[in-house]
Protein chains: 2
Amino acid sequence: MGASKAAKAATHERILDIAAARIRSDGIEGLAVADLMKEAGLTHGGFYRHFDSQEQLVAEAAQRALVQGSEWTVAAGRHGGRQGYANLVDAYLSATHRDHPESGCGIAGIAADVARTSGPARTSYTRQVRECLRIVADLLGELDEDDAEREAALTVSALVGAITITRALGDSDISRRLLTDVRAALKERPSKD
Amino acid sequence: MGASKAAKAATHERILDIAAARIRSDGIEGLAVADLMKEAGLTHGGFYRHFDSQEQLVAEAAQRALVQGSEWTVAAGRHGGRQGYANLVDAYLSATHRDHPESGCGIAGIAADVARTSGPARTSYTRQVRECLRIVADLLGELDEDDAEREAALTVSALVGAITITRALGDSDISRRLLTDVRAALKERPSKD
DNA sequence: GTTGCAAGATGATGCTCGTCATCCTCAGAA
DNA sequence: TTCTGAGGATGACGAGCATCATCTTGCAAC
């Protein structure tokens, strides 16, 4: 069943995308080579034509998960200012995002796993957090620089914390209430009324 | 090597404590029965004299991890008011807490694992989050009730988020900066200056 | 002191998973 | 059209793990 170069590249991308999604929903430990390949429509044998080891796959998939997940903040950055900030908060703290980690923010999705690894995933993670903090600080640019940095740190922490907690809670009253409360608190905050 | 009732109870407690610690540092998947028993000074065989299955152990250990970790907020509640709030924020967002999840807050430590389970751990988790929110809201009691609820939601989310992110970052400049920034932002916040 | 019972040790079993050796089959060059 | 290289399939191996059967040993009741 030999394949062309284009087909191989497509397969490689497919495996990576699926791995990036599964890592966010099931964690790094939850990623099994055989399952992954089956989900890609292949069998386990061909895996090592694409990656040297599972460890290498995890490193690449973690990076991809982080980059894909960063489109949250990038999209918000496009709008800019207070409106972009509000859009980011509403989209991030939605039930949809809570219930679909596989296509969600990587900073929240793989934090626990990165904390338990000593591999290169930590480097990718750090870069992504830096970028995320910078973008949010820009959205809050009306304040002076130090204030913006602090507010960005608080915002990002609250976003990640709320999503992390509500994912553990599942879909319930407190879960929904926590999301709406944090949304409200974040949006009324930077304007010290 | 038969043991007395007291000895059995002590062993049971020891296993549970170790499991509660390991769950927080290595995750639920990282808990191996043989390793756990070895750490307790025993071999794997005796495990089933204490627990029906690993699943049951995990359920009990998760609950214990949550209760042990709740002493953060309980201690803060003892002081009460603005002082208790500041103490909680400083202790929670310390490098020590970041670097020692095994003895830290369970809400942050096992969130990702609970999100991936459908077992009874979710019930314990929900109860603990409720209690945590209530205690923090009490600390902010100067505000009216709705405000206090929103502020508590923001505070708890930010605490958990910051610890989660910084654990993934490890010990680095951004990690330390994020901790100090969130500490400062949280402490200057409820007093709308 | 004798005996029954249960904690804990030892070893076995079966499953899951990562990895590799080997075979098959088609894309692309000659 | 033929040949060859590589993508992918199949099957096997070994490690790690949860679980259980069985044996040993000391506590507790008589």
Side-chain angles (χ1 to χ4, degrees), chain A residues 1-62 64 110 113 116-121, chain B residues 1-23 25-62 110 113 116-121:
Chain A
M1 221 193 256
S4 67
K5 285 179 208 163
K8 159 149 193 190
T11 300
H12 190 92
E13 288 302 295
R14 191 151 32 96
I15 294 175
L16 260 183
D17 278 338
I18 295 172
R22 286 190 67 111
I23 278 182
R24 276 175 284 182
S25 65
D26 301 339
I28 287 180
E29 312 255 314
L31 187 78
V33 171
D35 286 356
L36 173 70
M37 295 300 279
K38 189 186 291 179
E39 199 173 333
L42 303 171
T43 58
H44 62 279
F47 176 80
Y48 293 89
R49 302 282 172 174
H50 293 279
F51 303 94
D52 288 344
S53 66
Q54 191 200 29
E55 195 181 351
Q56 188 208 330
L57 165 75
V58 164
E60 291 189 32
R64 173 155 302 206
I110 69 173
D113 295 289
R116 290 164 193 150
T117 346
S118 49
Chain B
M1 220 191 256
S4 66
K5 284 179 206 164
K8 159 151 193 191
T11 300
H12 190 92
E13 288 301 295
R14 190 151 33 96
I15 295 174
L16 259 182
D17 278 338
I18 295 172
R22 287 190 65 111
I23 278 182
S25 65
D26 301 339
I28 287 180
E29 314 255 314
L31 187 79
V33 171
D35 286 356
L36 172 71
M37 295 300 279
K38 189 186 294 178
E39 198 173 332
L42 302 172
T43 58
H44 63 279
F47 176 79
Y48 293 88
R49 301 281 171 178
H50 293 279
F51 303 93
D52 288 343
S53 66
Q54 191 200 30
E55 195 181 351
Q56 189 208 328
L57 165 75
V58 164
E60 292 189 32
I110 69 173
D113 295 288
R116 289 164 194 151
T117 3
S118 49

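Below, read A as the first sequence line, B as the second, and so on, with proteins coming before strands; counting in each chain starts at 1.
By the side-chain contact (heavy atoms from CB on, under 4.5 Å) test, B/Ala61 pairs with B/Leu16, B/Ala19, B/Ile23, sequence neighbours left out. Not counting sequence neighbours, B/His44 has no partner by the ring-ring contact (aromatic ring centres under 6.0 Å, His included) test. Take A/Arg116 and apply the salt bridge (Lys or Arg N to Asp or Glu O under 4.0 Å) test, not counting sequence neighbours, and it matches B/Asp113. Residues meeting the ring-ring contact (aromatic ring centres under 6.0 Å, His included) test with B/Phe51, sequence neighbours left out: B/His12, B/Phe47. For B/Glu55, there are no side-chain hydrogen bond (donor to acceptor under 3.5 Å, both in side chains) partners at least two apart in sequence or on another chain. Listed by chain and residue number, nothing satisfies the side-chain hydrogen bond (donor to acceptor under 3.5 Å, both in side chains) test with B/Glu29 (two or more places apart in sequence, or in another chain).
The distance from atom CG of B/Leu57 to atom C1' of D/dT19 is 14 Å, rounded to the nearest whole Å. Atom pair B/Asp26:CG and D/dG16:P shows a separation of 17 Å (rounding to whole Å applied). One can place CZ of B/Phe47 at 17 Å from C1' of C/dA6, the figure rounded to the nearest angstrom. When rounded to the nearest whole Å, the span between NZ of B/Lys8 and P of C/dA6 equals 9 Å.
If you find the closest nucleotide of DNA chain C to B/His50 and to A/Ser53, the one lying nearer the 5' end belongs to B/His50.
For the segment residues 32-42 of chain B, residues with any heavy atom less than 4.0 angstrom from an atom of DNA chain D are, sorted by number, B/Ala32, B/Val33, B/Ala34.
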Exercise answer: donor-acceptor pairs, residues 32-42 of chain B side-chain atoms, under 3.5 Å, sequence neighbours excluded:
from	atom 1	to	atom 2	distance (Å)
B/Glu39	OE1	B/Arg22	NH1	2.8

Atom pairs under 3.5 Å: protein N/O with N/O of nucleotides 10-12 of chain D:
from	atom 1	to	atom 2	distance (Å)
D/dG11	O6	A/His44	NE2	2.7

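Considering only the side chain of B/Arg49, D/dC23 comes nearest among C/dG18, D/dC23, D/dG7.
Between B/Thr11 and C/dG8 there is a side-chain polar atom (N or O) within less than 4.0 angstrom of OP1 or OP2.
Looking only at distances, a side-chain donor or acceptor of B/Lys8 sits under 3.5 Å from a matching main-chain atom of B/Arg49.
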